[in-house]
Every structure is written in C-alpha cells, then in structure tokens.
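Everything numeric here is computed off the predicted structure, so don't read it as measured data.
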Amino acid sequence: MGMIKWGRRSRAALSLTTTALLTTTALAALSTGAEAADTLGSAAAGKGRYFGTAVAANYLGEAPYVSTLNTEFTSVTPENEMKWDAVERSRGTFTYGSADQIVNHALGRGMQVRGHTLVWHSQLPSWVSGLGASDLRSAMNNHITQVMQHWKGKIHSWDVVNEAFQDGNSGARRSSPFQDKLGNGFIEEAFRTARAADPAAKLCYNDYNTDGVNAKSNAVYNMVRDFKSRGVPIDCVGFQSHFNSASPVPSDYQANLQRFADLGVDVQITELDIEGSGTSQATSYSNVVRACLAVTRCTGITVWGITDKYSWRASGTPLLFDSNYAKKPAYTAVLTALGGSSDGGGGTPGAACTATYTKSAEWSDRYNGTVTVRAGSAAISTWSVTVTLTPPQKVSTTWNGTPSWDSSGNVMTMRPNGNGSLAAGASTSFGFTVMKNGSSAAPSIGACTAS
Ligand code: G2I
C-alpha cells in the first residue's frame, strides 16, 4: 500500500519536475518508499517471509476482525476448524464447511494457508481413541489422506503430527492412542501417508516447549535427524512459541532454530503469543522476530490470533492488537524488527486515524456503506482508507470523498474531497453504494492512513 502510494506520488512529481534539485528530491522519496512497508505482511515479504495469524471462522463476520486480517497478514492457520473433531467427528463423515470458509477467504486474497493439524492427541473424537491397533492405523491413514486431498494444492504447510513428545526431562513420547497402540512408528507412518496425499505441501512436525535447547527439543531434534538420514519425508519443524513470564523467550531461541535448520528442514514460528503488555512484551516480540530473520531457513511467523479479545488466553493479552483492534507497542516492535515503518508508509509519525464502517441502507440489489474517519490524539492534515469489495460487487456511486481504484477494480482508496484536515479526535465520513451482483458481503475496510 505504502509503496504504491509513494510510487504514484513520485511519478507525478517526476513528470512535473524539470530542475535537477526537484528530480533528486523525488528519487529520494521513491527510495524511502521502496524501503518502507506499512503492514506486518508487506514488511515480512520484504524479508522473504510470510506473516500469519490463527483465524477462527466464527469471527469472519466481524468487520474490524476481517479488515485487520486482510490488511496485515499474508498467511492464515485455522485455529480449530481443521482439527480431527471438527472435520471427522464421526468415522468416515467429513465436514469441511468452517475450514473451507477460512481457506477460501485466504486464497481469494492471495494469503497462504497452514494446515493445522492431522494427528494430535487433543481435540480427538472418542471413536478414535476407542479403536484397536489395526483399525486405528487405517483410521489415521484415511484421515490424513481424505483431509489432505480435500485441500490438495491449497495448503502451504501441514502440521502432520502435533505435540507427540512429553514435557520435562524424559525425552519420551507422550502417551496417546497413537503412541500407545501403534508405537514410535506412527509419526513416520503419518508423514509417509501425508507425502503421498499432497506432494506439494510442506510437511511439518509442530510442538511447544521446544523453543530453546532442552530435553524435549533434543528428542524432536533426534527424530528429525533420524528422518532426514533415512529419507522419511519431513520438510519443516514448527515452534509454537507460547511465552509468558514462567516460560519466557529462551536465550538460545535463535541457536535452537538454527540447529534444526542445519538438519535440512525449514523452521517456522507457528503459534506465537507472549503474555504481558507495554515495553517488555514489545521487546520479547522483537527478539522473536529478530531470531527468525537471523535464520535463513526460518520462513515465516504466525501469531496465535489477531486480537487479545479472542485469544485462547485473553486474560494474558498476548497478541499484537488489543481488544479494540488498536495496535499495541508489540505491533510496532514487530513491524520495526521486520524493517517496516509504522507511519503508514508515507504518513507523518504521530498522525493517526481510525476508520469505522457501518451499513447505512440496503435494498435487494445494493447497499450503502458509510465509513467514519476519526483523527487520533493529534490533528491530521489528510487521510486515506481502502475499501475492498468481494467480486463481482461494484461500487456505483460515492459521496464526500475522492476515490481511486486498483487494477483489479476491487480495491477503492478513498481520500478527502479538498481539505482533509481534522482536529484531534474530530471525524468526517464518506459513503458509497455497492451493487451486490449476487454477493451481500460487507466490504473490508483497510487501515486508515494519516499525515
Ligand atoms: O492451546 C493452544 C494451542 C496449543 N497448540 C495447538 C493449538 O491447536 C492450540 O490451540 C488451541 C486453540 O487456540 C483453542 O481455541 O487449542 C484449544 C484446544 O486444545 C482450543 O480451545 C478450544 C476449547 O478447548 C473448546 O472448548 C472450544 O470449543 O476451542 C474450541 C473452539 O472455540
């Protein structure tokens, strides 16, 4: 977003420019813009990585949830919707509806999808735990095959086996129906079945409390080394990275990621959240991002949710957006660590605004939307807001703003008509009519950019 805006401005400036001095100024602006990035996803992309979040299908109807998702993230992980109890609650009956909602939302907007998870002792229906060994083996392989084939070619990485090792110093496998009835070989079998089901997906082993060098991560390390030496298909290891004061970011976090990468697998930070607030939370987040960037094969970071409001441990406020979707200091720390700029890619530091959408009228073929733009705690001199439609919707008219469109025709950037200045806390609004063309979906409203 920032890059496009600077590019346009710079081209306009260049075409009007005749003196060497002005040309130089315009080029300097262009190069600043090329380095600046103003979302988590675009900044991470600048480092060759994705920045993802866990998503719950339940909240896809909540406008700020969706606009934050669409603006900031380039990868999603369904938080619960792909788990065994969600997709095969009774044997042989597969239900993909809620997970499909997330996958279609993501792929329609160019985001990647992480599949989570195929074989896990938790959120496992009781019919699975009740099976005898040979039945369990075929149920496991059938589950992997059916689920992976349903999304074949659409999933970037799958957590094939999740949390199969015990906590503590034993280095042992965790007791589970799979472990207890099929023995150590179940993990290898799951990976071989997974490779056959969707050869394009990266196959990951995913776990927690394996983020530093310890007995549990040593055990996983030995398994991965053994798999690589025997040609068992494994492409990546996921480090969940759920941190709090009792379990802080380990000092050997980067070294641990690196030793796994050195085995010839990618490493991914798959469920990052850090309980806390303010500067100390921000610093921990920044340390995690810097560790990933320092490891060439650390290919991406996923935070375990968008907003504190819906975190699995909401009381610990562990995420990057607070329960009102405001960016926290941890957000700015992550963006900065990723090399992005927090000024909206061309805005003025300190200048800020928010954009709030309401549907103001509706007919069978169209609806009217209103977006209220409010200045933050400082006065602003101008603003812009993106409005993204669901094709084949079209905007037929707008009022109280000057629209411009991206090449797809689905993304409208609205700027003020004339003077866009707003006093601190003051607001204005613009509106538009969306022709439904079969889809009543609400538009998603991108972040408000101010200067
Ligand atoms: O526990 C945190 C994560 C640890 N690693 C694996 C992840 O899959 C796990 O995610 C959490 C989800 O964030 C929770 O949302 O897994 C929990 C279950 O083990 C999820 O909680 C469940 C509740 O236990 C259910 O009561 C609820 O119906 O979420 C379900 C859907 O909201």
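In this view, Asp167 and Lys216 satisfy the salt bridge (charged side-chain N to carboxylate O under 4.0 Å, His left out) rule, not counting sequence neighbours. Listed by chain and number, the residues in a side-chain hydrogen bond (donor to acceptor under 3.5 Å, both in side chains) with Asn162 are Asn206, Gln240 (sequence neighbours excluded). Thr358 meets the side-chain hydrogen bond (donor to acceptor under 3.5 Å, both in side chains) test with no other residue; sequence neighbours excluded. The side-chain hydrogen bond (donor to acceptor under 3.5 Å, both in side chains) check on Lys359 picks up Glu362, with sequence neighbours excluded. For Tyr367, there are no ring pair (Phe, Tyr, Trp, His ring centres under 6.0 Å) partners two or more places apart in sequence or in a different chain. The side-chain hydrogen bond (donor to acceptor under 3.5 Å, both in side chains) search around Thr356 returns none, not counting sequence neighbours.
The side-chain hydrogen bond (donor to acceptor under 3.5 Å, both in side chains) contacts involving residues 45-59 comprise Tyr50-Gln268, where partners must be two or more places apart or lie in separate chains. A salt bridge (charged side-chain N to carboxylate O under 4.0 Å, His left out) check over residues 148-162, counting only residues at least two apart or in different chains, returns the pairs Arg114-Asp159. Under the disulfide (SG to SG under 2.5 Å) criterion, no residue pair touches residues 47-113, with sequence neighbours excluded. Among residues at least two apart or in separate chains, disulfide (SG to SG under 2.5 Å) pairs with a member in residues 189-261 are Cys204-Cys236.
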Throw together a table of side-chain donor-acceptor distances under 3.5 angstrom for residues 288-301, partners on residues two or more places apart or in other chains.
residue: Arg290; atom: NH2; partner: Asn287; partner atom: OD1; Å: 2.8
residue: Arg297; atom: NE; partner: Val265; partner atom: O; Å: 3.3
residue: Arg297; atom: NE; partner: Asp266; partner atom: OD1; Å: 2.9
residue: Arg297; atom: NH2; partner: Asp266; partner atom: OD1; Å: 3.0

Please tabulate, for side-chain N and O atoms in residues 60-70, each donor-acceptor pair with protein atoms closer than 3.5 Å (sequence neighbours left out).
residue: Glu62; atom: OE1; partner: Tyr310; partner atom: OH; Å: 2.5
residue: Glu62; atom: OE2; partner: Lys309; partner atom: NZ; Å: 3.0
residue: Glu62; atom: OE2; partner: Tyr325; partner atom: OH; Å: 2.6
residue: Tyr65; atom: OH; partner: Ala56; partner atom: N; Å: 3.0
residue: Ser67; atom: OG; partner: Ala63; partner atom: O; Å: 3.3
residue: Ser67; atom: OG; partner: Pro64; partner atom: O; Å: 3.4
residue: Ser67; atom: OG; partner: Ile445; partner atom: O; Å: 2.9
residue: Thr68; atom: OG1; partner: Pro64; partner atom: O; Å: 2.6
residue: Asn70; atom: OD1; partner: His105; partner atom: NE2; Å: 2.8
residue: Asn70; atom: ND2; partner: Ser444; partner atom: OG; Å: 3.0

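Under 3.5 Å, the side chains of Thr39 and Ser42 contain a donor-acceptor pair of N or O atoms. In this model, no donor atom of one side chain and acceptor atom of the other lie less than 3.5 Å apart for Ser138 and Asn141. Checked by atom type, the side-chain pair Asp198/Trp151 shows no donor-acceptor distance below 3.5 Å.
Listed for the Asn169 side chain is no donor-acceptor partner under 3.5 Å among the backbone atoms of Ala215. Side-chain N or O atoms of Ser90 include none that pairs as donor or acceptor with a backbone N or O of Thr93 at under 3.5 Å. For the pair Tyr205 (side chain) and Ala164 (backbone), a donor-acceptor distance under 3.5 Å is present. A donor-acceptor pair is defined here as one N or O able to donate and one able to accept, closer than 3.5 Å; such a pair exists between the side chain of Glu72 and the backbone of Leu40. Side-chain atoms of Asp322 come within 3.5 Å of backbone atoms of Ala326 as a donor-acceptor pair (strictly under, hydrogens ignored). In this structure, the side chain of Arg173 does not engage the main chain of Gln166 through any donor-acceptor pair within 3.5 Å. Under a 3.5 Å cut-off, the side chain of Gln281 and the backbone N or O of Gly276 do form a donor-acceptor pair. In this structure, the side chain of Lys181 engages the main chain of Ser129 through a donor-acceptor pair within 3.5 Å. Remark: the backbone N or O of Pro443 is not paired with any side-chain donor or acceptor of Thr390 at under 3.5 angstrom. Side chain of Glu81 to backbone of Ala57: a donor-acceptor contact under 3.5 angstrom is found.
For Trp312 and His242, the ring centers are positioned less than 6.0 Å apart. Centroid-to-centroid, the aromatic rings of Phe260 and Phe239 come within less than 6.0 Å. For Trp120 and Phe178, the ring centers are positioned 6.0 Å apart or more. Ring-centre distance between His116 and Trp304: below the 6.0 Å cut-off.
For the pair Arg259 and Tyr221, the distance from NZ or CZ to the six-membered ring centre is under 6.0 Å and the angle to the ring normal is within 45 degrees.
In this structure, Thr388 OG1 and Asn410 CG are separated by 8.0 Å, a value rounded to the nearest 0.5 Å.
A parallel orientation is assigned to the rings of Phe430 and Trp383, their planes being inclined by less than 30° (bins at 30° and 60°).
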